[in-house]
Each structure stands twice: as structure tokens, then as C-alpha cells.
Peer 1: 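Just dropping this structure here.
Keep in mind it's a predicted model, so treat the numbers as computed, not measured.
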Amino acid sequence: PLRAGRAEGPLVGGNLSLLVTLIGTRFFPELDGALLFLEDVGEDLYRIDRMLAHLRLAGALERIAGAIVGQFTEMRRGTGDGALGLDEVLEEYFLPLGVPVAYGFPIGHVDDQWTMPIGLRARLDAGAGELELLEAAVQ
């Protein structure tokens with residue numbers, strides 16, 4: 001975990017670059033009280049940093065209940081000049097929020113991935129690295 005703790009809320013999120021493109025449109029999801037999950041593929045680390053900054057500057061992260069970070073596959077670091085690593089970038093944006101944050105979940109462009117039922121209530125135990133659905137995903 002980046003920050004241990006427990007939180008409940010609806011699952012909202014997905015691919016970071018697609019989510020950021022929705023800012024300012026009627027399609028941007030409601031994040032108040034949500035468990036935000038993020039993943040991406042083929043993005044440079046500096047672009048991930050920039051997209052998280054855009055979410056923060058848009059006020060999108062202010063009222064999330066917790067964050068679930070999946071896989072950032074095929075991520076290119078961009079430079080070898082001492083730039084921040086992914087864990088440090090995540091800390092920069094999520095630790096100041098004071099909410100539970102865990103990363104490394106099998107969400108994203110990976111072979112053995114979880115399906116994330118958007119809008120379902122779930123409980124995150126970041127310290128234990130557990131995510132529990134509180135509602136049935138299908139009826």
C-alpha cells in the first residue's frame with residue numbers, strides 16, 4: 001500500500017489517459033466518495049505524471065474515498081537522469097489526499113486481469129491489499 005486504511009464507495013475509473021480526456025465533458029464520472037481505479041498502457045512516466053497533475057488541478061481527486069492503482073504496462077521511464085519512479089509519482093498525488101491507496105492490482109492490460117464493475121459499491125483494505133465487492137456484479 002501507499003497508505004494503509006479502509007474505504008468504501010462505488011468503483012469508478014479505468015484507463016488514465018481516457019479518463020483525463022473526459023475532464024470538462026458530461027461524460028466525466030462522479031468521483032465524490034468513489035474508489036478510483038486507474039491503469040494505462042504504453043505511456044511514458046512523465047505523461048502519467050502530467051495526467052495525474054491534470055486530474056488534481058481539475059479538482060477530480062479532492063473527494064475520492066480511496067485509490068486502487070492497477071498496472072501501467074509498457075511504461076517507458078523516458079529518462080535515466082534521476083527522474084522520479086512510478087511509486088514516487090503516485091505518492092506525490094495520492095498521499096496528500098489522506099485516503100487509503102494501494103497499487104499493483106491486476107487491473108489493466110495484463111493477461112490475468114480483474115474485471116472492474118463500474119459503479120458497484122466495494123470496500124478497499126489497502127493495508128491488506130484486498131478489494132471486496134459489496135454488491136452482486138450480475139443478477
Side-chain angles (χ1 to χ4, degrees):
L2 287 178
R3 169 171 273 131
R6 294 181 183 171
E8 290 184 17
L11 291 170
V12 180
N15 181 273
L16 176 60
S17 56
L18 295 179
L19 184 66
V20 168
T21 63
L22 296 176
I23 291 174
T25 72
R26 63 188 172 109
F27 303 105
F28 189 76
E30 177 61 50
L31 296 180
D32 288 0
L35 294 178
L36 176 64
F37 67 92
L38 299 171
E39 59 82 23
D40 217 314
V41 61
E43 293 291 350
D44 288 332
L45 183 55
Y46 80 91
R47 291 176 53 98
I48 294 166
D49 187 358
R50 180 173 61 207
M51 288 184 277
L52 289 171
H54 193 171
L55 281 175
R56 180 172 63 190
L57 291 170
L61 301 176
E62 291 175 355
R63 291 180 296 281
I64 64 171
I68 304 159
V69 181
Q71 303 297 309
F72 283 79
T73 53
E74 300 175 27
M75 181 184 68
R76 296 176 301 274
R77 183 155 169 111
T79 65
D81 62 359
L84 299 177
L86 179 60
D87 56 339
E88 295 166 309
V89 168
L90 294 172
E91 288 173 359
E92 172 75 20
Y93 294 99
F94 290 111
L95 286 184
L97 302 175
V99 299
V101 181
Y103 74 102
F105 282 84
I107 301 165
H109 297 78
V110 293
D111 291 334
D112 191 17
Q113 62 180 255
W114 288 358
T115 298
M116 299 297 282
I118 293 175
L120 243 59
R121 288 198 60 78
R123 179 181 300 122
L124 170 66
D125 183 337
E130 296 176 351
L131 182 65
E132 176 186 2
L133 298 180
L134 300 176
E135 303 172 323
V138 295
Q139 299 188 11

Peer 1: Do Val89 and Leu45 come close enough that some side-chain heavy atom pair is under 4.5 Å?
Peer 2: yes
Peer 1: With sequence neighbours left out, write down each residue that passes side-chain contact (heavy atoms from CB on, under 4.5 Å) with Ile23, or none if nothing qualifies.
Peer 2: Val20, Phe28, His54, Leu55, Ala58
Peer 1: Using the rule that Ile, Leu, Val, Met, Phe, Trp and Tyr join whenever any side-chain heavy atoms are under 4.5 Å apart, tell me whether Met116 and Leu133 fall into a single cluster.
Peer 2: yes
Peer 1: Can you list every pair that meets salt bridge (charged side-chain N to carboxylate O under 4.0 Å, His left out) and has a residue in residues 108-123, with sequence neighbours left out?
Peer 2: Glu8-Arg121, Glu8-Arg123, Arg123-Glu132
Peer 1: Does any non-hydrogen side-chain atom of Leu38 lie less than 4.5 Å from one of Leu52?
Peer 2: yes
Peer 1: Do Leu19 and Pro29 have side chains that get closer than 4.5 Å, going by heavy atoms?
Peer 2: yes
Peer 1: Do side-chain atoms of Asp125 reach the backbone of Gly127 as a donor and acceptor pair under 3.5 angstrom?
Peer 2: yes
Peer 1: Return the set of residues passing side-chain hydrogen bond (donor to acceptor under 3.5 Å, both in side chains) with Glu43 (not counting sequence neighbours), or none when no residue passes.
Peer 2: Arg47
Peer 1: Report yes or no: do Ile107 and Met51 belong to one cluster of Ile/Leu/Val/Met/Phe/Trp/Tyr joined by side chain heavy-atom distances under 4.5 Å?
Peer 2: no
Peer 1: Apply side-chain hydrogen bond (donor to acceptor under 3.5 Å, both in side chains) to Thr73 and list each qualifying residue two or more places apart in sequence or on a separate chain.
Peer 2: none
Peer 1: Applying salt bridge (charged side-chain N to carboxylate O under 4.0 Å, His left out), name anything that partners Asp87, two or more places apart in sequence or on another chain.
Peer 2: none
Peer 1: Just to verify, what does Phe105 make a ring pair (Phe, Tyr, Trp, His ring centres under 6.0 Å) with, not counting sequence neighbours?
Peer 2: Trp114
Peer 1: Between Ile68 and Leu11, does a side-chain contact (heavy atoms from CB on, under 4.5 Å) hold up when you go through it step by step?
Peer 2: CA-CA 9 Å; Ile68 304 159; Leu11 291 170; 3.9 Å; yes
Peer 1: In terms of hydrophobic clustering (I, L, V, M, F, W, Y; side-chain heavy atoms under 4.5 Å; direct or indirect links), are Ile48 and Tyr103 co-clustered?
Peer 2: yes
Peer 1: With a 4.5 Å heavy-atom cut-off, do Leu95 and Leu90 have their side chains touching?
Peer 2: no
Peer 1: CD of Glu92 to CG of Leu2: how many Å apart, nearest 0.5 Å?
Peer 2: 12.0 Å
Peer 1: Please identify each residue that fulfils side-chain contact (heavy atoms from CB on, under 4.5 Å) with Ala7, with sequence neighbours left out.
Peer 2: Leu35, Ala65, Pro100
Peer 1: Does any pair with a residue in residues 18-32 pass salt bridge (charged side-chain N to carboxylate O under 4.0 Å, His left out), and if so which ones, sequence neighbours excluded?
Peer 2: Asp32-Arg63
Peer 1: Are any of the side-chain heavy atoms of Glu39 and Leu16 separated by less than 4.5 Å?
Peer 2: no
Peer 1: Please enumerate all residues that pass side-chain contact (heavy atoms from CB on, under 4.5 Å) together with Ala137, with sequence neighbours excluded.
Peer 2: Pro117, Leu120
Peer 1: State which residues pass side-chain hydrogen bond (donor to acceptor under 3.5 Å, both in side chains) with Tyr93; sequence neighbours excluded, sorted by chain then number.
Peer 2: Asp49
Peer 1: Going by the rule side-chain hydrogen bond (donor to acceptor under 3.5 Å, both in side chains), which residues pair with Arg50 if we only count those two or more places apart in sequence or in a different chain?
Peer 2: none
Peer 1: Do Leu36 and Phe27 share a hydrophobic cluster, counting only Ile, Leu, Val, Met, Phe, Trp and Tyr and linking them when any side-chain heavy atoms are less than 4.5 Å apart?
Peer 2: yes
Peer 1: Where is the tightest heavy-atom contact between Ala34 and Val12, given as atom of each residue plus distance?
Peer 2: CB-CG2, 3.8 Å
Peer 1: Should Phe37 and Leu131 count as side-chain neighbours, where that means a heavy-atom distance under 4.5 Å?
Peer 2: no
Peer 1: Tell me every residue that passes side-chain contact (heavy atoms from CB on, under 4.5 Å) with Pro1, counting only those two or more places apart in sequence or in another chain.
Peer 2: Ala126
Peer 1: Between Ile64 and Phe94, is there a side-chain heavy-atom distance shorter than 4.5 Å?
Peer 2: yes
Peer 1: Distance alone, cut at 3.5 Å: any donor-acceptor contact between the side chains of His109 and Gln71?
Peer 2: no
Peer 1: Should Val99 and Arg3 count as side-chain neighbours, where that means a heavy-atom distance under 4.5 Å?
Peer 2: no
